[in-house]
There are 2 protein chains.
Amino acid sequence: MDLKEKLAELNEKGCSLTIQRHAILEYLYENRTHPTVEKIYYSLKEKFSTISRATVYNTLELLKNYGLIQEITIEKGKSRFDYEVKTHHHFLCHRCNRVYDVNVEGCPLAGKKMINGHKIEELRPYIIGICSKCLQKKKSNDNFVMMN
Amino acid sequence: MDLKEKLAELNEKGCSLTIQRHAILEYLYENRTHPTVEKIYYSLKEKFSTISRATVYNTLELLKNYGLIQEITIEKGKSRFDYEVKTHHHFLCHRCNRVYDVNVEGCPLAGKKMINGHKIEELRPYIIGICSKCLQKKKSNDNFVMMN
DNA sequence: TCTTGACTTAGAATTATTCTAATGTTAGAT
DNA sequence: ATCTAACATTAGAATAATTCTAAGTCAAGA
Ligand SMILES: [Mn+2]
Ligand SMILES: [Mn+2]
Ligand SMILES: [Zn+2]
Ligand SMILES: [Zn+2]
């Protein structure tokens, strides 16, 4: 689902399309790196110097409630956001804190509505480890740069 | 692995077995409800009125690093702990905030060491939804009590 | 007994997030 | 075109979970 379609959907559902909302959704459309709220906030600040954290939080919550983005809580204590809403596995590297998409086929939960009598509404399949880039670095030299 | 074995393992590895550490591990052994840090802290406070939050956090971290307990970060912004360290799926009910174990067979990641070139160290298979108890309550009456 | 290092403690600091109250914006009614 | 009311944004305060700090305890070995 591309940007225009999501913007159209917002509009159809009667949600006013402010410049901030447009900018945040667009940012996620263009940055598929699972940015944190802080990252989104500072990136937008470059264009809209007056944008407030509250607006970023409110908008992300709103877009999430419209089902247009998803929240990723793989990293303890901070949220990240993803333009892609289809359920998929995420991998967090505890060295560099990057979050990757990983494709896992044949998950027995896929499509299931119930488990043990509980109603399934959302899957959060998270994997923690060391990413390929950090494994490389480890091999060559032991110095590495922490990134956000 | 029962309580005595875990305590013995701590001892063997040269970790001093203070009364607080014993109490925290014992608490998790006896309470398999995936308690939050706050829950653990207040429960222990009844017996050890002077125990401090820092000790609870430090001890949970220490036990986790010895591989004797696992941390569960299914609920945004707060940690829970589990005496069981074997990988298993967790289900969070967003109505009552209870966390349940669920048994899922045939996970394609089980036993895998690598994925997409990344080294897998830990799986965190989380499921969000409405638990069986809350589904029941919903049917009969719409009043329900939030629990922690 | 004294020393030393490890452990615990209370409370301060930090971090992410939510709340608040004031201000700004916009679409429909007049 | 202006008014108005609902909605949106803002800066900063408040909150909640966690981590840090510095002082006090404890316990094993010299
Ligand atoms: Mn993703
Ligand atoms: Mn469990
Ligand atoms: Zn990495
Ligand atoms: Zn429930």
Side-chain angles (χ1 to χ4, degrees), chain A residues 7 10-27 34-66 68-69 71-81 92 94 97 99 146 148, chain B residues 7 10-11 13-27 34-66 69 71-81 92 94 97 99 146 148:
Chain A
L7 289 169
L10 266 181
N11 208 40
E12 277 162 38
K13 287 180 175 166
C15 173
S16 44
L17 251 175
T18 65
I19 188 84
Q20 293 90 342
R21 288 174 184 175
H22 187 290
I24 290 171
L25 188 55
E26 184 176 60
Y27 182 83
H34 312 101
T36 61
V37 179
E38 213 56 8
K39 183 77 171 57
I40 298 168
Y41 170 65
Y42 280 115
S43 301
L44 291 172
K45 208 129 216 274
E46 290 175 12
K47 283 196 173 182
F48 305 93
S49 60
T50 68
I51 201 168
S52 119
R53 271 195 184 76
T55 298
V56 176
Y57 277 101
N58 289 343
T59 300
L60 290 168
E61 180 70 13
L62 176 142
L63 293 172
K64 190 177 67 159
N65 290 338
Y66 276 106
L68 298 179
I69 62 174
E71 184 170 8
I72 300 168
T73 54
I74 193 172
E75 201 179 2
K76 195 174 158 182
K78 62 171 67 152
S79 287
R80 292 169 176 268
F81 287 85
L92 169 69
H94 61 69
N97 295 319
V99 173
M146 283 297 182
N148 191 9
Chain B
L7 290 168
L10 266 181
N11 208 40
K13 288 181 175 167
C15 172
S16 44
L17 250 174
T18 64
I19 188 84
Q20 293 90 342
R21 288 173 184 177
H22 187 289
I24 290 170
L25 189 55
E26 185 176 61
Y27 182 83
H34 313 100
T36 60
V37 178
E38 213 56 10
K39 184 75 172 57
I40 297 168
Y41 170 66
Y42 280 114
S43 301
L44 291 171
K45 208 128 216 274
E46 290 174 12
K47 284 195 173 183
F48 305 93
S49 60
T50 68
I51 202 169
S52 117
R53 272 195 183 76
T55 298
V56 176
Y57 277 101
N58 290 342
T59 300
L60 290 168
E61 180 69 14
L62 177 143
L63 294 172
K64 189 177 66 159
N65 291 338
Y66 276 107
I69 62 174
E71 185 170 7
I72 300 169
T73 54
I74 193 172
E75 202 179 3
K76 194 173 159 183
K78 62 172 67 153
S79 287
R80 293 169 176 269
F81 287 86
L92 169 70
H94 61 70
N97 296 319
V99 173
M146 283 298 182
N148 190 10

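Letters A, B, ... are given to chains in the order of the sequence lines, protein chains preceding strands, and every chain is numbered from 1.
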Hey, mind stepping through A:Leu63 and A:Leu10 against side chain to side chain contact (heavy atoms under 4.5 Å, CB included) and telling me if it holds?
CA-CA 9 Å; A:Leu63 293 172; A:Leu10 266 181; 3.7 Å; yes
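- The distance from atom CG of A:Leu44 to atom CD of A:Glu46, rounded to the nearest 0.5 Å, is 9.0 Å.
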Protein proximity profile, nucleotides 6-20 of chain D - base contact B, sugar-phosphate-only contact S, no contact -, cut-off 4.0 Å on heavy atoms:
--SSBB-----SBBB
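- Judged by distance alone, the side chain of B:Asn11 and the main-chain N or O of B:Leu7 form no donor-acceptor pair under 3.5 Å.
- The CG-P distance, from B:Leu17 to D:dC26, rounds to 18 Å in whole Å.
- Residues A:Leu62 and A:Cys15 come closest through the heavy atom pair CD2-SG, 3.9 Å.
- A:Glu38 pairs in a salt bridge (Lys or Arg N to Asp or Glu O under 4.0 Å) with only one of the listed residues (A:Lys78, A:Arg80, A:Lys45, A:Arg53), which is A:Arg53.
- Using a cutoff of 4.0 Å between basic side-chain nitrogens and carboxylate oxygens, A:Glu71 and B:Lys76 are scored as salt-bridged.
- Annotation: the terminal axes of the helix from C:dT1-D:dA30 to C:dT30-D:dA1 meet at 0°, where each axis is the rotation carrying the C1' atoms of four end pairs onto the next four (5 pairs per end, rounded to 10°).
- We find the CD-CG distance between B:Glu75 and B:Asn97 to be 4.5 Å, quoted to the nearest 0.5 Å.
- Between A:Thr55 atom OG1 and A:Gln20 atom CD the span is 6.0 Å, to the nearest 0.5 Å.
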